[in-house]
Amino acid sequence: MTDTSIARQVRGVCHHDCPDSCGWIVDVDTAGRAVALRGDPDHPFSRGELCPKVNRFIDRVYSPDRVTTPLRRVGPKGSGEFEEVTWDDAMADIGTRLNAIITEYGGEAVLPYYDAGNQSLLAVDGISARLMHHIGATRLIRNICGPTAGAGMAMTNGTGLGMDPEDLAHSQLILLWGTNTRLTNRHLWPTLETARAAGAQIVVIDPIRTITAERVMADGGQFIQPRPGTDVALMLAMMHEIITADLIDHDWVANHTHGFDELASHVADTTPDWAAEQCGVDADTIRDLARHWASTDAAAVRTLVGAEHHRQGGMFFRTLACLPALTGAWRHRGGGMCRSVGSYQAAVIDDDAFTRPDLLAGRSPRSINMSRLGEALHDADPAVHAMIVWCANPMVIAPNAGLIRSGMARDDLFCVVHEQFMTDTARYADYVLPATTQIESVDVNPAWGHLWMGWNHAAIDPVGDAVSNTEFFRRLAAAMGLTEPCLFDDDETLLATALTGIDTETMRTDGPVRVPYAADGRPWANGGFPTATGRVEFASDALVALGQPRLPTFIPSDEGPTSALAARYPLQLMTPKHHVRFLNSSYSQLPGHGDREEGPFVEMDAADAAARGLSDGDTARVFNNRAELRLPVRVSTRLRPGVVSIPWGWWAHHYPDGRTANDLTNNTLTDWGEGAAFYDTLVEIATV
Ligand SMILES: Nc1nc2c(c(=O)[nH]1)N[C@H]1C(S)=C(S)[C@@H](COP(=O)(O)OP(=O)(O)OC[C@H]3O[C@@H](n4cnc5c(=O)[nH]c(N)nc54)[C@H](O)[C@@H]3O)O[C@H]1N2
Ligand SMILES: Nc1nc2c(c(=O)[nH]1)N[C@H]1C(S)=C(S)[C@@H](COP(=O)(O)OP(=O)(O)OC[C@H]3O[C@@H](n4cnc5c(=O)[nH]c(N)nc54)[C@H](O)[C@@H]3O)O[C@H]1N2
Ligand code: SF4
Ligand SMILES: [Mo]
């Protein structure tokens, strides 16, 4: 393709549920076809680079496997047998059937299921939220990613708002605690390199020796490997050390914290020797880490989402938030705690005007947690009779998948999936409707890994009969005979309604706009925390009201290595993000992605393998009280004995038995925040 055929270059933003929200530029030829997609060099965060997933995005857009016409199921649920139908025919039938379900069972019989498959504003909540409110549908508790971390930090600080990740450039010590930056947040790496060049130390704390840990070690940094789900013990021992050695920032603690004396007596017994027993990290390593932390001014924790996927996920983030308060790290630029900055972005969005909860008109429909989909499909009362799915692939991504599969196979469940591909979930739908990709529809992306909000221009017309999420829901409203005018707002109107606090004209014409943040880079230097006491709460009455401990406390998991279940299933199973060419359940099925990564496997330590008569390359049975999978064994040195890992993201057809990693995982909810305790899963492994 020569340059002369390029008719225009269109600026957009990656839609994936990824902290980086990279800017891209699409070259469109004179025939209106996208011919290239590359990083936007002017994007202030991603600076021209994309990633091994999205470098091949054009292949995804024009993939022969794309769903490009409406499909109606003709075979049994799950068979993948569909016939093409027109939008008119599909919508007429869907409208009639949904109305019949609502008339017979009420609005709560309809369950919306969506996540952040496309995390842009319109794609997630444009029209759909209004429609669901209007019909009084069940409300989905969408807490599978992030809210537990946010709620945990807020229990200590009154807010989940922390540092701008780009300010880590000013840090002198960075603890990458439960985040795999090189894989999941790669465009932050240059910021960490800037800090390192200025002398910063980097420490990775993770149960897996990830590619981030290996890189940091190669660069002279430190790697600490606790047992999964035990970090709270490690943090309590750090606090013990900091307090007994009197390394706290007395002024800051006196002026901006609440409950210090209680905390001090509470951690008197949580010695490094005690913690070493719980988390498997040497007591001296804990002491050194505590002293290093307390003796560095601009000391920062960088964390994201992974560590929330435990029973004590909320407590992890609450306890972590105590560390910068004890030592007054917030005083210093580059000091404090840094996780999702989505709430800074949300502050410029008028969410109520956009999603219109007033359309509930005084009704208060029940809520169902997305991590409990299987139970809901079997046991909810009143029963779920219709499910509408967009931006999500629950069959692969939600825990305890076996229950979801049998629930979605119910004959009396009417299911509509709006998708780009025939996912495992779509195979169970009555109708699969074609969805546009990000280069086919306008949207705005509020990032959660940096402070830049970006406008995504549509570069090409929709492929085939695909429609955007908003257009799908407008068509659905019409097919259901609804007349509420706001269900038919166009995309420009919706964006103008939502984005009241930011200069959208500049965003549209000049590129990303930065949302407001503390001008001196020290959001909490002088306290002012939005808790009941106005201070960082080492002791929390709000938690007592929830039946939780008043002070940070380590509670071993009821599906952890010291639980009764461990007698039968002694190995802790991690199901992490691992492949550079996948993102969640997306891409593993596509050429250039799945075929270039090794298929599903179970990774384990040599000692665990040998004890079970297994060697590298053998096929093993991995099982627990929920499911059994057959997988090739990969023996490695990246895990502690007693911990095994099945990297996640492959679909059913990639596994010999059609069951996936999430067939094994635990759908217990986290302590607070209502997230999923995926990684508190026990298994046993045996020869076939
Ligand atoms: N390539 C790629 N990038 C992605 C994604 C992807 O699938 N692929 N997914 C995107 C999404 S949706 C998200 S939410 C982000 C997540 O971004 P991250 O939170 O950085 O990634 P995770 O892999 O979820 O978890 C990070 C690390 O937490 C560790 N961890 C788990 N349990 C514990 C624990 O008990 N203690 C400690 N200390 N660490 C623990 C895991 O081993 C893992 O290495 O990544 C995004 N980016
Ligand atoms: N075992 C285990 N399970 C996990 C995790 C884990 O670490 N381990 N991580 C969890 C986390 S953090 C997350 S965020 C979830 C992610 O779960 P999901 O959000 O469900 O996963 P994705 O694969 O990112 O996206 C789902 C689908 O959205 C579709 N999609 C993309 N753009 C659009 C669009 O514009 N319109 C429509 N209609 N569809 C679109 C894609 O084709 C894709 O099939 O998984 C969770 N599940
Ligand atoms: S998936 Fe993440 S790293 Fe890749 S282009 Fe999108 S935002 Fe950037
Ligand atoms: Mo996520």
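Both ligands and their constituent atoms are indexed starting at 1 by order of listing. Throughout, residue positions are numbered sequentially from 1 according to the sequence presented.
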| request: Check the side chains of Thr470 and Asp491 for a donor-acceptor pair under 3.5 angstrom, ignoring hydrogens and angles. | output: yes
Note: Val305, heavy atoms under 4.0 Å from ligand 1, region reported as both
For Asn180, the ligand 1 atoms with a heavy-atom partner under 4.0 Å come out as 20 (O), 26 (C), 44 (O)
| Using the benzene-type ring in the case of Trp, are the ring centres of Phe57 and Trp24 under 6.0 Å apart? | yes
Looking only at non-hydrogen atoms, the one of Gln225, Lys577, Arg581, Gln572 nearest atom 13 (C) of ligand 1 is Lys577
Flag Asn662 as yes when one of its N or O atoms lies below 3.5 Å from any N or O atom of ligand 2, and as no otherwise. yes
Please check if any side-chain donor atom of Asn185 sits under 3.5 Å from a side-chain acceptor atom of Asp20, or the reverse.
yes
In terms of its nearest heavy atom to atom 43 (C) of ligand 1, the top option of Asp206, Thr179, Asp20, Ile211 is Asp206
Filtering Thr184, Asp680, Asp17 for the heavy atom nearest atom 18 (P) of ligand 1 leaves Thr184
Min over Ser585, Ser468, Ala435 of heavy-atom distance to atom 23 (O) of ligand 2 lands on Ser585
Atom 29 (C) of ligand 2: of Met422, Arg142, Glu419, the nearest heavy atom sits on Glu419
Closest to atom 38 (N) of ligand 2 by heavy-atom distance, out of Met395, His418, Gln119, is His418
task: Classify the side-chain pair Gln119/Trp448 by whether it contains a donor and acceptor separated by less than 3.5 Å.
output: yes
ask   = Is there any N or O on Thr210 that sits under 3.5 Å from an N or O of ligand 1?
value = no
So, 4.0 Å and heavy atoms of Val396: is ligand 2 close enough to count as a contact? no
**Prompt:** Can you find a non-hydrogen atom of Asn185 under 4.0 Å from ligand 1?
**Reply:** no
Is Asp424 salt-bridged to Arg427, going by a charged N under 4.0 Å from an acidic O?
no
Checking heavy atoms under 4.0 Å, the part of Ala116 that sits near ligand 2 is backbone
A student checking ligand 1 against Leu183 at a 4.0 Å heavy-atom cut-off should list atoms 1 (N), 2 (C), 3 (N)
Candidates Ile205, Asp231, Ile208, Thr303; heavy atom nearest atom 34 (C) of ligand 1 found on Asp231
Nearest non-hydrogen contact to atom 14 (S) of ligand 1 from the set Gly449, Cys145, Ser645 belongs to Cys145
The answer for which part of His16 has a heavy atom under 4.0 Å from ligand 1 is neither
Within 4.0 Å of some non-hydrogen atom of Met574, the atoms of ligand 1 are 31 (C), 32 (N), 42 (O)
task: Using distance alone, decide if ligand 2 has a nitrogen or oxygen within less than 3.5 Å of any nitrogen or oxygen in Trp648.
output: yes
(request) Give yes or no for whether the N/O distance cutoff of 3.5 Å, strictly under, is met between Asn393 and ligand 2. (result) yes
**Q.** Note: Glu598-Arg581 ion pair, threshold 4.0 Å (strictly below)
**A.** no
If you compare Phe582, Phe678, Trp448, Tyr679 by their heavy atoms, the one closest to atom 15 (C) of ligand 1 turns out to be Trp448
So, is the end of the Arg302 side chain (NZ or CZ) under 6.0 Å from the ring centre of Trp177 and within 45° of the ring's axis? no
Going by the 4.0 angstrom heavy-atom rule, the piece of His309 near ligand 1 is neither
The atoms of ligand 1 lying under 4.0 Å from a heavy atom of Gly229, numbered in the order shown, are 34 (C), 35 (O)
With heavy atoms and a 4.0 Å threshold, my read on which part of Arg60 contacts ligand 2 is side chain
Quick look: Pro576 vs ligand 1, heavy-atom contacts under 4.0 Å, and the answer is neither
Counting heavy atoms under 4.0 Å, the part of Pro19 that contacts ligand 1 is side chain
To atom 19 (O) of ligand 2, the nearest of Val67, Val467, Leu304, Asp115 on a heavy-atom basis is Asp115
Exercise: do Thr637 and Arg209 side chains pair donor with acceptor under 3.5 Å
yes
Does Ala661 come within less than 4.0 Å of ligand 2, judged by its heavy atoms? no
So for Asn469 against ligand 2, with non-hydrogen atoms under 4.0 Å, the contacting part is side chain
*Is Arg66 in contact with ligand 2, taking contact as a heavy-atom separation below 4.0 Å?*
no
For ligand 2 and Thr665, I'd like to know whether there is a polar contact (N/O to N/O, distance under 3.5 Å).
no
Margin query: Pairs of nitrogen or oxygen atoms closer than 3.5 Å, one from Thr181 and one from ligand 1: do any exist?
Written below: no
> Is the Phe472 ring parallel, tilted or perpendicular to the His418 ring (thresholds 30°, 60°)?
Replying inline: parallel
